[in-house]
Structure formats: structure tokens, C-alpha cells
Participant: 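This structure is in C-alpha cells; I'll ask about it shortly.
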Amino acid sequence: MAEQRSTVNFANLEQRAAALLPPAHPPGAALRLICELLQAEVPHYDWVGFYFAVPEQRMLALGPFAGDPTEHVRIPYGRGICGQSAETEDTFIVPDVSAAENYLSCSVATKAEIVVPVFLNGRYVAQIDIDSHTQDPFGPEDEPFLKRLAEMVAPYVPEVFDPAE
Ligand code: SME
């Protein structure tokens, strides 16, 4: 596992993700392409997606993603790993989902999950959710990388998703 992680050049991936943002692509396409890039380039990222926050309804709405379709298109705050992240506005790193009590299964193949908040001007507007088919796959670089990515995409979230609609 450690070997797999060390093959990932996160700094390079960050630059490649930044290059997909406007004006290269419209915001919605850019977010989808970033999901596809991460899923393709990081061996332990098997499902990569954005959930957008609808604070008035205390609900998450599925946004662009790469990987198998999921039944979890809307997730109430507090439910599952994603909902807990929305509720607490914290990062969640779950190395073994079978040991997590409050977990919503997307795929039987998923063994681990990381959820990182996206803040815009201090407001929780979205989250990046990643499922892994590898148990305990996340190293010291994953969270800081995903937080930088979250900062990078945050300004585009309102252009892709309007919680009032
Ligand atoms: N596993 C998540 C649900 C979303 S899917 O992973 C795409 C959770 O427990 O919140």
C-alpha cells in the first residue's frame, strides 16, 4: 500500500487539476474532469465525487463524480460519513469502513473513505468524497492535497450549484 502511495506525484496532480479549471473548461465540466483525473491517476482513489451543501434543508446533493453511479444522490446532514462531515464541517478519514457505525455503502468493494470540506468565504459549500477499494490507503499527503484542491475549486461551486434551486 505504501508503495502504491509513493508512486503518486500529488504536486504534479495539483497542477494538472488547476489547469482544468476555467477558462480551460466551464466550471461544471472542470469539476467532472478533476474527478476523472484523480480517479485515473491515484491508484487508491476508486470513486471521486463532489457533494454540494443545501444548508436550508440540511442536505447534501450529489454533484460531478467519476466512478460507478451511486444511489446516494441526496444525503441528510448527520447520515453516513458524508453527512457527518457536513454536520461537523470536518474532514473524515475512515481507513476501514466496516468498522464505521454511521456509514452509507455505495459499493461492496469500498474499504475506506475520505471526505474533505470545501469552504467558500468561511461557508461550508461542498465536500470532496473519495472511496477506496484498498483498506487503510490514505497516507500523510492525501488530506493536505485534497484540502488544496478544495480551496482551488471553491470559487466555482456557486457557478455549478445553486442551493436555492
Ligand atoms: N459512503 C458515503 C456515501 C456516499 S458514497 O460513498 C458515494 C457515506 O457513508 O456517507
Side-chain angles (χ1 to χ4, degrees), residues 1 4-5 8 10 13 17 20 27-120 123-139 141-154 156-157 160-163 165:
M1 266 176 277
Q4 237 182 15
R5 285 203 293 254
V8 181
F10 282 105
L13 206 50
L20 296 170
L31 294 193
R32 181 178 46 78
L33 289 167
I34 288 173
C35 292
E36 289 172 2
L37 174 73
L38 267 54
Q39 190 212 24
E41 297 297 325
V42 184
H44 58 287
Y45 290 3
D46 293 289
W47 189 95
V48 180
F50 288 95
Y51 279 96
F52 297 124
V54 188
E56 292 74 15
Q57 297 175 21
R58 295 178 51 76
M59 191 70 77
L60 292 164
L62 180 64
F65 67 93
D68 291 339
T70 173
E71 62 185 276
H72 302 298
V73 290
R74 284 171 72 79
I75 301 176
Y77 281 24
R79 286 209 61 204
I81 312 297
C82 296
Q84 291 176 81
S85 170
E87 178 120 76
T88 59
E89 304 196 345
D90 263 338
T91 294
F92 271 68
I93 301 173
V94 183
D96 175 6
V97 294
S98 73
E101 274 176 25
N102 189 352
Y103 167 69
L104 300 171
S105 176
C106 266
S107 150
V108 285
T110 299
K111 295 215 168 63
E113 179 160 3
I114 183 168
V115 180
V116 172
V118 179
F119 294 104
L120 180 61
R123 268 188 316 117
Y124 190 101
V125 291
Q127 62 181 217
I128 304 172
D129 176 27
I130 293 175
D131 286 358
S132 179
H133 296 174
T134 308
Q135 196 168 316
D136 194 13
F138 305 114
E141 290 189 279
D142 292 272
E143 185 184 358
F145 164 68
L146 293 170
K147 282 187 164 167
R148 291 196 297 273
L149 205 68
E151 273 179 39
M152 195 192 286
V153 301
Y156 300 103
V157 167
V160 180
F161 182 76
D162 179 357
E165 274 175 14

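The model shown is predicted, which means the values in this text are computed figures rather than measured ones. Counting starts at 1 for both ligands and their atoms, in listed order. All values below come from the heavy atoms of this structure, side chains included, with hydrogens, waters and symmetry mates left out.
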Participant: Return yes when atom CZ of Arg79 has more than 12 non-hydrogen atoms of other residues, nucleotides or ligands closer than 6.0 Å, and no otherwise.
Facilitator: no

Participant: Considering non-hydrogen atoms of the protein only, which is the closest contact for atom 6 (O) of ligand 1, and what is the distance?
Facilitator: Asp131 OD2, 2.8 Å

Participant: How far is atom 7 (C) of ligand 1 from the closest protein heavy atom, and which atom is that?
Facilitator: Cys106 SG, 2.7 Å

Participant: Could you tell me the residue and atom name of the protein heavy atom closest to atom 3 (C) of ligand 1, and the distance to it rounded to 0.1 Å?
Facilitator: Leu104 O, 3.5 Å

Participant: Tell me the protein heavy atom at minimum distance from atom 2 (C) of ligand 1, and give that distance in Å.
Facilitator: Glu113 OE2, 3.2 Å

Participant: Closest non-hydrogen protein atom to atom 8 (C) of ligand 1, residue and atom name please, with distance?
Facilitator: Ile81 N, 3.2 Å

Participant: Would you confirm whether Asn102, through its side chain, and Gly80, through its main-chain N or O, come within 3.5 Å as a donor-acceptor pair?
Facilitator: yes

Participant: Among residues two or more places apart or on two chains, list those pairs meeting ring-ring contact (aromatic ring centres under 6.0 Å, His included) that have a residue in residues 72-115.
Facilitator: none

Participant: With a 3.5 Å distance limit and no angle check, can you tell me whether Gln127 reaches the backbone of Val116 through a side-chain donor-acceptor pair?
Facilitator: no

Participant: Heavy atom under 4.0 Å from ligand 1: found in Asp129's side chain, backbone, both, or neither?
Facilitator: side chain

Participant: Is ligand 1 under 4.0 Å from a heavy atom in the side chain of Trp47, in the backbone, in both, or in neither?
Facilitator: side chain

Participant: Quick check on Tyr51 - does any of its heavy atoms sit under 4.0 Å from an atom of ligand 1?
Facilitator: yes

Participant: Could you go through residues 105-115 and list every donor-acceptor pair under 3.5 Å that involves a side-chain atom there, pairing it with any protein atom two or more places apart or in another chain?
Facilitator:
from   : atom 1 : to     : atom 2 : distance (Å)
Ser107 : OG     : Ala109 : N      : 3.0

